[in-house]
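Below: one structure, written as structure tokens.
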Amino acid sequence: MSEQTVLILVGSKSDMETMQESTKVLDEFGVSSRIAVASAHRTPELVSSVVGEAESAGTKVIIAAAGYAAHLAGAVAARTAMPVIGVPLDASSMGGIDSLLSTVQMPSGIPVATVTIGKAGAKNAAILAVQMLSIGDDALRRKLVEYRKKMAESVNRGL
Ligand code: RP5
């Protein structure tokens, strides 16, 4: 696999803390990732160059996270045929509903796989990325099965 199998792109440095949840999960699965900051609105050219670099680096999945009118995931999806997972963030006074709608409501032909708002979404984005990568990778698939087993055990312990 590449040195940056998953690219995590955030719209601002202020999104980094939430998106550490993605990094943690990817690390747990031994999937390499890199995090970069580029804004759909403030630095659109940088978005293009970071996506281009990811393509050259052999990246397989991009996770894009932003708050407010969150067009980052869509802007990334417009520039690549890689699967793009969008994480809507709770950054404004609207609690992330603004970002959710901006991320999920893509026009026909350019999908963004949109997950939950905030930290749960950051975690789920990473799990979904691993699930995508596990297609044709039996070792990763086995790790996912083990992950689910441990999760179920921890739920049962709470009873
Ligand atoms: C969005 O605006 C970013 O993704 C971030 O969630 C939010 C606030 O950004 P900063 O003003 O903190 O840079 O574009």
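All ligand and atom numbering here is 1-based and tracks the order in the structure.
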Task: 4.5 Å side-chain heavy-atom contact, M94 and Y68 - done: no

Task: Taking atom 7 (C) of ligand 1 as the reference point, the nearest protein heavy atom with its distance - done: Y68 CD1, 3.6 Å

TODO: Say whether D15, considering both its backbone and side-chain N or O atoms, lies within less than 3.5 Å of an N or O atom on ligand 1.
DONE: yes

TODO: Do me a favour and list the nearest non-hydrogen protein atom to atom 12 (O) of ligand 1 with residue, atom name and distance?
DONE: S14 OG, 2.7 Å

Task: Salt bridge flag under 4.0 Å for residues E21 and K24 - done: yes

Task: Side-chain donor-acceptor pair present, T80, E55, cut-off under 3.5 Å - done: yes

Open item on the list: Hydrophobic cluster membership, with links at side-chain heavy-atom distances under 4.5 Å among I/L/V/M/F/W/Y: are I8 and V130 in one?
Closed with: yes

Task: Any side-chain heavy-atom pair of V61 and I85 under 4.5 Å - done: yes

TODO: Measure from atom 9 (O) of ligand 1 to every heavy atom in A38, G11, S12 and give the option owning the shortest one.
DONE: S12

Open item on the list: Looking at ligand 1, is there an atom of it that comes within less than 4.0 Å of some heavy atom belonging to R42?
Closed with: yes

Task: Subset of ligand 1 atoms that lie under 4.0 Å from at least one heavy atom of A66 - done: 4 (O)

- [ ] State, without any angle test, whether T103 and T114 hold a side-chain donor-acceptor pair at a distance under 3.5 Å.
- [x] no

Task: ligand 1 N/O within reach of G67 N/O, cut-off under 3.5 Å - done: yes

